[in-house]
2 protein chains.
Amino acid sequence: MGAEQAETIAPMLKALADPVRLRLMSMVMSREGAEACVCELLPAFELSQPTISHHLKVLHDAGLVEREKRGVWVYYRARPEAIAALGSLFDSVLAPA
Amino acid sequence: MGAEQAETIAPMLKALADPVRLRLMSMVMSREGAEACVCELLPAFELSQPTISHHLKVLHDAGLVEREKRGVWVYYRARPEAIAALGSLFDSVLAPA
DNA sequence: ATCGGATATCGACATGCGTCGATATTGACA
DNA sequence: TGTCAATATCGACGCATGTCGATATCCGAT
């Protein structure tokens, strides 16, 4: 794996490398249509609302999820391209030779 | 995915979530027997020897690689259990529902 | 016994990260 | 228009991280 490729993928892994964000991503992916409202995610954590909002922003900035506002609610949806990119990472780098 | 599982896996992802460590892991995996001597890894980076040693320690502490000293040289080898654990993460969490 | 090369550890520095409370913004609805 | 509820942004705090130079450790060879 080249240096540029590593520089590209590392930020996505970094975004995922936090227990809260891992669970958030898992919750989003496991919902119908791979999307979830913030109001569904908040009660699952004993963290403040700004903290969850911050973590969702980190996932969004890394390109792992996309935001959609519907009325007062905001829905986060997994981005399949990003998931696929991570999958190919595992195939190319972490698969046994 | 449960909170405990997230707390278990996040540190492994964190260890991988750095461009230098991603490349180190990739280089180790791509060698015969999935092992590489530090002396083979060092020249690939424009970083000091202590810095590379530090990154290898991070990978080791996360359980991703194991150390073996042979004479003056130290070999790092990928731990298949850890790789498998990460693979199952992708299956269970990031696979499309 | 000593020297030299390979690797690890230490101490320090700047930067980044997770968290919070306080506040701003947005939109539905009376 | 005004209020309330949902979400984001801001500023601050303590702690972790990536990097380095200096030094220690270990081991083979002379």
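Every chain is numbered from 1, with letters handed out A, B, ... down the list of sequences.
Under 4.0 angstrom from either OP1 or OP2 of dT19(D) there lies no side-chain N or O belonging to S48(B). Regarding contacts with the backbone of dA8(D), a side-chain N or O of R67(A) is found under 4.0 angstrom from either OP1 or OP2. For Y76(B) and dA8(C), the shortest distance from a side-chain N or O to OP1 or OP2 is below 4.0 Å. Contact annotation: T51(A) side-chain N/O to dC20(C) OP1/OP2 distance is under 4.0 Å. Between H54(B) and dT7(C), a side-chain N or O to OP1/OP2 separation shorter than 4.0 Å is absent. Side-chain N/O atoms of R70(A) include none lying less than 4.0 angstrom from OP1 or OP2 on dA6(D).
Rounded to an integer number of Å, the gap from K57(B) NZ to dT25(D) C1' is 15 Å. Put simply, CZ on F45(A) is 14 Å from C1' on dG18(C), counting in whole angstrom units. The distance between atom CD of E40(B) and atom P of dT7(C), rounded to the nearest whole Å, is 10 Å. Put simply, NZ on K14(B) is 16 Å from P on dG16(C), counting in whole angstrom units. Rounded to an integer number of Å, the gap from OH of Y75(A) to C1' of dA6(D) is 12 Å. If you measure from atom CG of L59(B) to atom C1' of dA8(C), you get 15 Å, rounded to the nearest angstrom. Rounded to an integer number of Å, the gap from W73(A) CH2 to dA6(D) C1' is 9 Å. When rounded to the nearest whole Å, the span between NE2 of H60(B) and P of dT9(C) equals 10 Å.
Judged by distance alone, with hydrogens and angles left aside, Q49(B) brings a side-chain donor or acceptor within reach of the base of dA8(C), the pair sitting under 3.5 Å.
Mapping K69(A) and V20(A) onto DNA chain C by nearest heavy atom places V20(A) at the nucleotide closer to the 5' end.
Side-chain N or O atoms of R23(B) include none that pairs as donor or acceptor with a backbone N or O of F45(B) at under 3.5 Å. In this structure, S26(A) contributes its side chain and L22(A) its backbone to no donor-acceptor pair below 3.5 Å.
When each of dC27(D), dT19(C), dG18(C) is scored by its nearest atom to the side-chain atoms of H55(A), the top-ranked nucleotide is dT19(C). Here dT7(C) is the nucleotide among dG18(C), dT7(C), dC20(C) with the atom lying nearest to any side-chain atom of V38(B). For D18(B), taking side-chain heavy atoms from C-beta onward, the closest of the listed nucleotides dA6(D), dG18(D), dC20(D) is dG18(D). Proximity note for R21(B) (side chain, C-beta onward) versus dT7(D), dG18(D), dG28(D): the nearest is dG18(D).
Across all non-hydrogen atoms, the minimal contact from G87(A) to F90(B) is N-CE2, 4.1 Å.
Contact annotation for L56(B): no contact, since no heavy-atom pair falls under 4.0 Å across all strands. Counting any heavy atom pair closer than 4.0 Å across all strands shown, I52(A) reaches no nucleic acid atom.
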Verify side-chain contact (heavy atoms from CB on, under 4.5 Å) between L89(B) and L13(B), making sure each step is shown before the conclusion.
CA-CA 10 Å; L89(B) 160 75; L13(B) 284 177; 3.9 Å; yes
Under the side-chain contact (heavy atoms from CB on, under 4.5 Å) rule, what do Q49(A) and V38(A) come out as? Steps first, then yes or no, please.
CA-CA 9 Å; Q49(A) 174 267 322; V38(A) 176; 5.9 Å; no
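Note: H60(B) and Y76(B) have perpendicular aromatic rings, judged against thresholds of 30 and 60 degrees for the angle between ring planes.
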